[in-house]
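Hydrogens, waters and symmetry mates are skipped; everything else that's a heavy atom, side chains included, is used. All of these numbers come straight from a predicted model, not from anything done at the bench.
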Amino acid sequence: QVQLVESGGGLVQAGGSLRLSCLASGRTFSSFAMGWFRQAPGKEREFVAAISWNGGSTYYADSVKGRFTISRDNAKNTVYLQMNSLKPEDTAVYYCAATLRRATSVGYDYWGQGTQVTVSS
């Protein structure tokens with residue numbers, strides 16, 4: 001079992017930046033590949049980014065590639081999502097997730113409660 005708690009969401013103007021954090025507790029954090037997902041009102045949850053257990057591999061949705069960066073600090077049991085050049089269409093609840101499988105866009109077993117990101121135009 002692993003518990004995940006996101007933080008860092010908020011209101012930002014278009015073109016601005018935010019950094020989301022996800023603190024994990026429970027099982028050894030470095031055992032897990034981690035991912036970020038988001039869900040906008042009226043839409044299905046979608047994959048944003050993923051990172052392997054050691055940070056050696058990262059994956060991004062096309063919609064955020066070049067603007068968002070996922071990273072992790074295993075000593076701090078934390079995964080981050082640096083979001084730059086934010087657009088109104090990035091507005092959503094952002095969730096972090098963990099899996100014991102390889103980093104990918106599906107198949108996550110543990111989820112946080114989410115943090116709201118709102119980008120104003």
- Query: For the hydrophobic clusters of this structure (ILVMFWY residues joined by side-chain heavy atoms under 4.5 Å, transitively), does one cluster hold both L23 and I70?
  - Reply: no
- Expected output: side-chain N74 to main-chain W53 donor-acceptor under 3.5 Å: yes
- Note on the structure: Taken in chain and number order and not counting sequence neighbours, the residues that satisfy ring pair (Phe, Tyr, Trp, His ring centres under 6.0 Å) with Y80 are none
- Item | Residues, nucleotides or ligands: over 12 heavy atoms within 6.0 Å of K43 NZ | no
- Is a donor on one side and an acceptor on the other found under 3.5 Å between the side chain of E6 and the backbone of G114? yes
- Might you work through the side-chain contact (heavy atoms from CB on, under 4.5 Å) test for L81 and V79, ending with a clear yes or no? CA-CA 7 Å; L81 185 67; V79 62; over 6 Å; no
- Query: For F37 and Y108, what are the C-alpha separation, side-chain angles and deciding distance, and is it a ring pair (Phe, Tyr, Trp, His ring centres under 6.0 Å)?
  - Reply: CA-CA 10 Å; F37 293 76; Y108 287 78; 5.2 Å; yes
- Calculate, to the nearest 0.5 Å, the distance between atoms CH2 and CZ belonging to W36 and F47 respectively. 12.5 Å
- Short question: side chain of R72, backbone of S52 - any donor-acceptor pair under 3.5 Å? yes
- Hey, are the side chains of D90 and M83 touching, using non-hydrogen atoms and a 4.5 Å cut-off? no
- T99 side-chain N/O to D109 backbone N/O, donor-acceptor pair under 3.5 Å: no
- Task: Determine whether V93 and V12 fall in the same hydrophobic cluster, where Ile, Leu, Val, Met, Phe, Trp and Tyr are linked whenever their side-chain heavy atoms lie under 4.5 Å apart.
- Result: no
- Query: Do S63 and R38 touch side chain to side chain, with heavy atoms closer than 4.5 Å?
  - Reply: yes
- Qualifying residues under ring pair (Phe, Tyr, Trp, His ring centres under 6.0 Å), relative to Y94, sequence neighbours excluded: none
- Message: Please determine whether residues Y60 and V119 belong to a single hydrophobic cluster, defined as Ile, Leu, Val, Met, Phe, Trp and Tyr linked transitively by side-chain heavy-atom distances below 4.5 Å.
- Response: yes
- Query: Out of curiosity, does Y110 fall in the hydrophobic cluster containing V48 (side-chain heavy atoms, cut-off under 4.5 Å, transitive links)?
  - Reply: yes
